[in-house]
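Working notes for the structure below.
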Amino acid sequence: MATFQTLPGFREFYPEDLVRRNHLFRLWRQAANSFGFAEYDAPVLEPLELYTAKSGPEIEGQLFSFTDKGGRQVALRPEMTPTVCRLVGAKASALKRPIKWFSIGEFYRYERMQKGRGRCFHQFNADIFGEPGPEAEIELIALLIQCFGAFGLTEEDFHVRLSDRNLWFYYLGALGLDDARIRGVLGAVDRYEKYGDDAFKAYAEQFGGLEESLKARILGFLKINSLAAIEQAIGELAAPAGGVGAPADKLQARLADWKKLLGALDAMGLARFVTVDFGVVRGLAYYTGFVFEAFDRKGELRALAGGGRYDDLVEKLGGPALPAVGFAIGDMTFGLLLEQRGLTPKFVTGPDVYCVIGGEAERLAAFRDIHALRSAGFRVEYPLKEVAFGKQFKAAAESGAKVALIYGGDELAKGVVKLRDLTQRSEVEVPRDQVAAAVRDLLAGP
RNA sequence: GCGGCCAUAGCUCAGUUGGUUAGAGCACAAGAUUGUGGAUCUUGGGGUCGCGGGUUCGAGCCCCGUUGGCCGCCCCA
């Protein structure tokens, strides 16, 4: 029994696990590249203030934080957004626009583990900086969908729920709520799906109960699920029955943004993945416009991905004023979904060539070819120690190799190597100086 | 931070009302097999029964604590 255990919530990746993880990363990276996003990376350890500045001091309870030997308060990164804001902010004036960046990294949160959540996890992050219009959302939501579709997930498997914190703010403001109350209501809206009416308890404790008529209007707004419903709500907002209407020009601009966003996604053939759903508001205070979250269609898993616009954050973290939109996909819930849908393919990790070697004399001859084949890019295996032929053939078959090269005394005496096609179970003798070419031909064949 | 369930070999698990030296399958390794296939047969390595304490003549089994895991709550950037 091992004396030392893995720290709670941390994961180890044995080779077969890492193969699967790499598969995720490979397809995500491919999707981002095809959308023209540039990959970056950054430190795992950051100043604690980078996170407390954004989220308040309470956040420290959720962080792996400590004081380093230089007396600095530091924390393992719990997310990428503040880091990438710093990177972009520091060179904002020198970066070509639009700034489209992505990364894949490991993150750490000091939390209790649950299904789909651990203390360390990986995230794919994609962000666009410098673009205030919905063109940025179009790119990002399309990329998000592609990051899922690349695995064979369809609209039967997941959808992206899209909402708008701007309209929420306009609406709640028009209902006469101040900023603190608006945030309180949004907190309730965020939880409404899960708790129903109980979601308003926290609000009631802080501000007193909501009037029934007010609550009914909020719940009505929460049920907005189509462009037509948005249009209608905007019409009502511009000319409210009572109270203060939101600025008409802003509302019209917002409606135009919605039309542009949904129209573009439809033109890409992605409308079937997108659900308008004002029940999504995201808990975070810093989101400023469109927000979206991806869920499995069955609603069994926690969120697969989340994102939105955060136009004020770069400036708040000390950079220039720079509009931004971004999203992140976590690897844990996403992996669960792939597993549920049987979309984690069997990975062939076998070599191209397995060498069967007679004895120590033949081994030296084989080594020359093995190294040459490996240098030529083939994946070549051989038994490290002298083993009976029967065992070697068994090992060759089990390895998954398509080709066996047989270095026996008889062959080498004739200046040849036997090349066995392990699939066809056929053999040919090949002169030693033509081994690489013969292997290449066989592997390239049908 | 809180609650429920759980912990026996690398994995999946059995283990009688508490009773001798803790078992099976799979996996791994060796042999059958010194030149041809994933099979089969034989054999083997591998366990502080998570850890610590208690009850008992005797604990894998009962009790307490602790660590870890799963699930949920809080939270979820």
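Hydrogens, waters and symmetry mates play no part in the numbers below; they use all other heavy atoms, side chains included. If you're wondering where the values come from, they're calculated on a predicted model, not measured in any experiment.
A:Leu313 comes within 4.0 angstrom of no nucleic acid atom, judged by non-hydrogen atoms across all strands. In this structure, A:Pro78 reaches the bases: a heavy-atom distance under 4.0 Å links it to at least one base atom across the strands shown. Across all strands shown, A:Arg191 has heavy atoms under 4.0 Å from sugar-phosphate atoms exclusively, and none from any base.
Ring geometry for A:Trp28 versus A:Phe334: interplanar angle of 30 to 60°, hence tilted.
Shown for residues 361-373 of chain A: no residue has heavy atoms falling under 4.0 angstrom of RNA chain B.
Comparing B:G69, B:C75, B:G38 by their closest approach to the side chain of A:Pro8 singles out B:G69. With B:A39, B:U36, B:C76 as the choices, the nucleotide that has an atom nearest any side-chain atom of A:Glu398 turns out to be B:A39. In the set B:C76, B:G72, B:G37, B:G72 carries the atom at the smallest distance from any side-chain atom of A:Lys115. With distances taken from any side-chain atom of A:Phe393 to the nucleotides B:U36, B:G31, B:C75, the minimum falls on B:U36.
For A:Tyr195, a side-chain nitrogen or oxygen approaches OP1 or OP2 of B:C74 to under 4.0 Å.
Below the 3.5 angstrom threshold, one finds no donor paired with an acceptor across the side chain of A:Arg425 and the base of B:U36. On a pure distance criterion of 3.5 Å, no polar donor-acceptor pair joins the side chain of A:Arg112 and the base of B:C74. The base of B:U33 lies outside donor-acceptor range of the side chain of A:Lys394, with no N or O pair under 3.5 Å. One donor-acceptor pair, N or O on each side, does fall under 3.5 Å between the base of B:C76 and the side chain of A:Arg117. Taking only distance into account, the side chain of A:Glu427 meets the base of B:U36 through a donor-acceptor pair shorter than 3.5 Å. Between the base of B:G35 and the side chain of A:Glu411 there is a donor-acceptor pair shorter than 3.5 Å.
The line from CE of A:Met80 to CH2 of A:Trp101 is 10.5 Å long, rounded to the nearest 0.5 Å.
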Practice task
Please test A:Leu24 against A:Phe124 for side-chain contact (heavy atoms from CB on, under 4.5 Å), starting from the C-alpha separation and ending with a verdict.
Solution key: CA-CA 10 Å; A:Leu24 287 192; A:Phe124 169 90; over 6 Å; no

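Comparing A:Lys194 and A:Lys391 by the nucleotide of RNA chain B whose heavy atom lies nearest to each, the residue mapping closer to the 5' end is A:Lys391.
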